[in-house]
Amino acid sequence: MVTPASLSPYETKTQEIARQLISATREHRSFFAQMRDQMRWDDKMLGWAMSNPGLRVQLFRFIDCLPSLHSKAEIARHLQEYLGNEIVELPGALKALLGFASPDSMPGQIAATTVSTGVEALAHRYIAGETIQQVIKTIERLRKDRMAFTVDLLGEAVITEVEAQSYLNRYLDLLGQLTEASQRWSTVEQIDRADAEDLPRVQASVKLTAFYSQFDPLDEQGSQEKVSDRIRLLLRRAKELGAAIHFDMEQYQYKATILTILKQLLMEEEFRDRADIGITLQAYLRDSIGDLKDLITWAKERGTPVTVRLVKGAYWDQETIKAVQKDWPQPVFNDKEATDANFEAMTRLLLENHNYLYAAIGSHNVRSQSLAIAIAETLNIPRRRFECQVLYGMADKLGKAIADRGHRVRIYCPYGELIPGMSYLIRRLLENTANSSFLRQNLEERPIEELLKAPVMKSSEFSILSSQLADGSQNSELKTHNFSNAPDTDYALSSHRQEVRQALQQVRQQLGKTYLPLVNGEYINTVNYVDSVNPSNPSEVVGQIGLLSVEQADQAIAAAKAAFPGWKRTPAKERADILRRAAELMEQRRQELIAWMVFETGKVVKEADPEVSEAIDFCRYYADEMERLEQGVAYDYPGETNRYHYQPRGVSLIISPWNFPLAIPVGMTVASLVAGNCTLLKPAEVSSVIAAKFTEILIEAGIPPGVFQFVPGKGSTVGSHMVKHPDVHMIIFTGSQEVGCRIYADAAILQPGQKHLKRVIAEMGGKNAIVVDESADLDQAVQGVVQSAFGYSGQKCSACSRVVVLEPIYDVFLARLVEAVRSLNLGPAELPGTKVGPVIDANAQARIREYIEKGKLDSEVALEMPAPEGGYFVGPVIFRDVPPTAVIAQEEIFGPVLAVMRAKTFDEALEIANGTNFALTGGLYSRTPSHIDRAQAEFEVGNLYINRGITGAIVARQPFGGFKLSGVGSKAGGPDYLLQFLEPRTVTENVQRQGFAPIEGAD
Ligand SMILES: Cc1cc2nc3c(=O)[nH]c(=O)nc-3n(C[C@H](O)[C@H](O)[C@H](O)COP(=O)(O)OP(=O)(O)OC[C@H]3O[C@@H](n4cnc5c(N)ncnc54)[C@H](O)[C@@H]3O)c2cc1C
């Protein structure tokens, strides 16, 4: 697929050009220039970052946070917190600068000024201007050097529709102003004309996903419609003005959708003959050469070329981390040389197809550019069809040297303010200081032969492409622990979207069937039935559930008691293997299970999918855990053995909730089963069909009769009867605090004939808070709060229902939060664009509405969205300035209602956050190390999440559960969970006979 570069017919010419270019980039500077450079703090910072990896991390973290700091004292304090850390070894100059006693002192102020001026200087190296006027000046300077430009507007992440519209408006305005300025420019032949054709003088680079705040590959059609409407406006305006538009390429998850959208749009009659539009491809992606081949085929059909900008890709670290975290195949090459080799192969393919596609080669690597130039010159590619591109400030000398050679060079000029520009700046700093970066290696004056060596794709990078990519196992070396979580579905892949669409259709055909209780291995008929309906459309009956009577419940408990001795004797390995088979079956039925959740509980696909992963993980993790515990512990002494081991408790009753209709019942049930207990599962009525599906899976996996039984029934009668039954040993409950406390009390009463005390594990509610301080990254914080508060309509026990915001950023945060929530799509859960679906039933809907009314008594409404008709919908509501003691700030609502609270200090914020009866989850958005430390120590929650959303705990990564009134028991998905289902025993044997016993180690 990739031709080794050494065989390339262009190699000799490439080397020749590269040597010329490299000498131009390594110009020898005068002694005075070097002296002056050494004085500059921006240079010093880059130098330190390159020489000291620990300092590089802390310095970049500090720079990331700097724009949010508003006083010199704050800057000085953060400098010390980030860089004064003992693990960072500081160069002498920096150590001296940071040696101040107090951030308010004069030396503190000096340090703050010195460093922030240095960072500003750094930013100005890579950002072409903060205003349009400044960027026009930069452009005019570039044109004097015979260089063209493309302008990129730096922006915050687009998370609201207001921001998406403003992104478009700002570009329309930019195009207008640049065009107006361009009227004054005299023609520069080298960049304004080619092959007797006038070229657009103005070019803008845009990010397609920024045209729609809810851009989501899962909702390909919805996203396409929204962005295409705005792009058409942009392209029309650009045509009127004679300007060109280039589309950047973004993260991998968007790539396929971006290409699909652009290919379709540019085939529309109105745009089909436009040659002034560009698309970007990233060579660090393993599948990018395939994309290029597809584009060539497409361009042949289209008939008019577009420009392909070829780059290596700007998000390598991010893509790699994401793949590891999600257990997905790494989409980028793992080896820098592989990216280089792929870039060269793509360069060749692109340039050899110059009849169909124009090429823009974007790289700061002398070798990468030289190969492109060698091919262009060898093939005599017409000038219109080829240009070289570099980023502003990254490779000025290279750009100039290529321009001097007569080629068209275009400089990518980002413009905008520093805060929105920060992520861009950090990407450039990372790129500049990475060990593998060409720029750095050239700066360090590595031997030229080494720098210009033809890159070769290692065969291992190819083998990853096949089998390992399929199961993600190539990531294993990057992991630090053994348990492999089941990966969620990557809906960026169209095949997966297709699968879930099909599953939804198929499951819809199966709605309305009857599901009976399973007692002692038989499905039994019942007198009473209840309908489980689709909360998005309650007239749709998902299934009819047979409800167990009290007598039938007694039969089930008797069957469990009878099955217990056999199950207890079954080797742990056999029990564990049944769980592993169940996991396998769930994996096979993943999309179907998702569809059942969508219909029965109104959960959207993106929320239901990780739930299947979690259920699978519970099976595999508890299977492994039981095999570990089964070993027991030997505390042997000479003459005496001491064996510590575990035995099961007996009969367990699982009472599960509807909000995680699969993962929670599966987790509680399989933990009990694998520990050797006979287990009865009583699901919530409204999610019984999903529990019935899990029952089918356990039967298929080989669970023996009586060992597991499916016992749907009325909680208040049958459920309560079973809780009190003398033959039940354990009750494992997840649900409301009220029911949990009742179960706890009932279980404590010793019943006639009962020879044990019952154990209760109860996961109850939460009133979870996220604290946002003034140093927080607001893009992240707003998105994290929106997802945590309104995902699954706020019906997760881990959901955020309070957000405590520090005074200085309160108004800005609230305004963005309100717009972000207003931008969410509400509707039936099965629609791919829906972000907020219905609540579970009419009771919940009424209760939530009551809370909203109560909230209005003491707090101001910042947003109340209308609810769609038909289902059990409640539009998201945000209350502002909520007093910490208000009902809506204290009681669990379990719906899409968020209380925003104001705090003057971080102390007060923590106090408010801790001021409820609950302690389940909590979050902090902050870039202040001392605040992060304090939250770790003082935030009273079972699961604390820092700088991320607070829902979505993963098995064996974030064991889940709380304390205070949030529950009793150890954390699900953690190393202590199974112990609760076991009785530990110690057996001591005196093995001495007549003073004799073997003594280990002695003869
Ligand atoms: C005009 C222009 C426009 C751009 N537009 C975009 C865009 O739309 N989207 C985008 O993503 N980027 C874009 N970029 C940024 C570009 O991706 C980076 O600047 C580029 O990757 C740096 O590569 P290089 O050839 O200059 O340097 P080199 O030093 O030769 O290459 C560095 C690159 O190698 C890759 N790499 C680093 N480590 C590894 C590894 N271990 N394994 C595999 N690969 C590795 C990374 O892509 C890294 O950026 C653009 C750049 C230019 C010049």
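In each ligand, atom 1 is the first atom listed, and ligand 1 is the first ligand listed. Here the structure is a predicted model, which is why all the values come from computation and not from measurement. If you read the sequence from its start, that first residue is 1, and numbering goes on from there.
For F386 and H407, the ring centers are positioned less than 6.0 Å apart. Taking the six-membered ring for Trp and the full ring otherwise, the centers of Y126 and Y424 sit at least 6.0 Å from each other.
When side chains are defined from C-beta on, Y392 does not count as touching Y412, because their heavy atoms never get closer than 4.5 Å. Residues N342 and M457 form a side-chain contact, since some pair of their non-hydrogen atoms from C-beta on lies under 4.5 Å apart. Put simply, the side chain of I245 does not reach to within 4.5 Å of the side chain of I231, judged on heavy atoms.
For T150, no heavy-atom contact with ligand 1 is shorter than 4.0 Å. Residue-level proximity to ligand 1 for Y315 is carried by the side chain, the only part with a heavy atom below 4.0 angstrom.
By heavy-atom distance, the residue among E387, K312, M394 lying nearest atom 33 (C) of ligand 1 is K312. When N365, D317, V390 are checked for heavy-atom proximity to atom 30 (O) of ligand 1, N365 turns out nearest. Compare K336, E431, Q251 by their heavy atoms: the one nearest to atom 32 (C) of ligand 1 is in K336. Evaluated by nearest non-hydrogen atom to atom 7 (C) of ligand 1, the leading choice among M249, K207, E250 is M249. Taking each of G278, S363, G362, G313 in turn, the one with a heavy atom nearest to atom 25 (O) of ligand 1 proves to be S363.
Between K312 and D340 a salt bridge is recorded (basic side-chain N to carboxylate O distance below 4.0 Å). Salt-bridge annotation for R440 and E444: present, with a side-chain N of the basic residue lying under 4.0 Å from a carboxylate O of the acidic one. Using a 4.0 Å cut-off between a side-chain N of Lys or Arg and a carboxylate O of Asp or Glu, D145 and K400 do not qualify as a salt bridge.
Side-chain polar atoms of Q224 and Q264 form a donor-acceptor pair below 3.5 angstrom. Between the side chains of D779 and Q783, no donor-acceptor pair of N or O atoms lies under 3.5 Å. Between the side chains of S288 and Q282, no donor-acceptor pair is found at a separation under 3.5 Å.
The shortest separation from a heavy atom of V332 to ligand 1 is not under 4.0 Å, leaving the residue out of contact. Contact between S436 and ligand 1 is present, with at least one heavy atom of the residue lying under 4.0 Å from the ligand.
Residue-ligand proximity, Q389 to ligand 1, at heavy-atom distances under 4.0 Å covers atoms 1 (C), 53 (C). Near D248, with a cut-off below 4.0 Å to any heavy atom, the atoms of ligand 1 are 8 (O). Near T280, meaning under 4.0 Å from one of its heavy atoms, ligand 1 places the atoms 7 (C), 8 (O). Near F333, meaning under 4.0 Å from one of its heavy atoms, ligand 1 places the atoms 42 (N), 43 (C). Proximity to Q282 (heavy-atom distance under 4.0 Å) selects the following atoms of ligand 1: 9 (N), 10 (C), 11 (O). Using a 4.0 Å cut-off to heavy atoms of Y412, the atoms of ligand 1 that qualify are 1 (C), 3 (C).
Atom 26 (O) of ligand 1 has as its closest protein heavy atom H364 N, 2.7 Å. Closest protein heavy atom to atom 5 (N) of ligand 1: R309 NH1, 3.1 Å. Counting only heavy atoms of the protein, atom 4 (C) of ligand 1 lies nearest to V311 CG1, 3.5 Å. Regarding atom 43 (C) of ligand 1, its nearest protein heavy-atom neighbour is T339 OG1, 2.9 Å. Among all protein heavy atoms, the one lying closest to atom 29 (O) of ligand 1 is F438 N, 2.6 Å. In this structure, atom 2 (C) of ligand 1 lies nearest to the protein heavy atom L391 CD2, 3.5 Å.
Here D335 pairs with K458 under the side chain to side chain donor-acceptor pair (under 3.5 Å) rule; sequence neighbours left out. Residues passing the side-chain contact (heavy atoms from CB on, under 4.5 Å) test with K255 are M249, Y252, L259, L285, D287, D291, sequence neighbours excluded.
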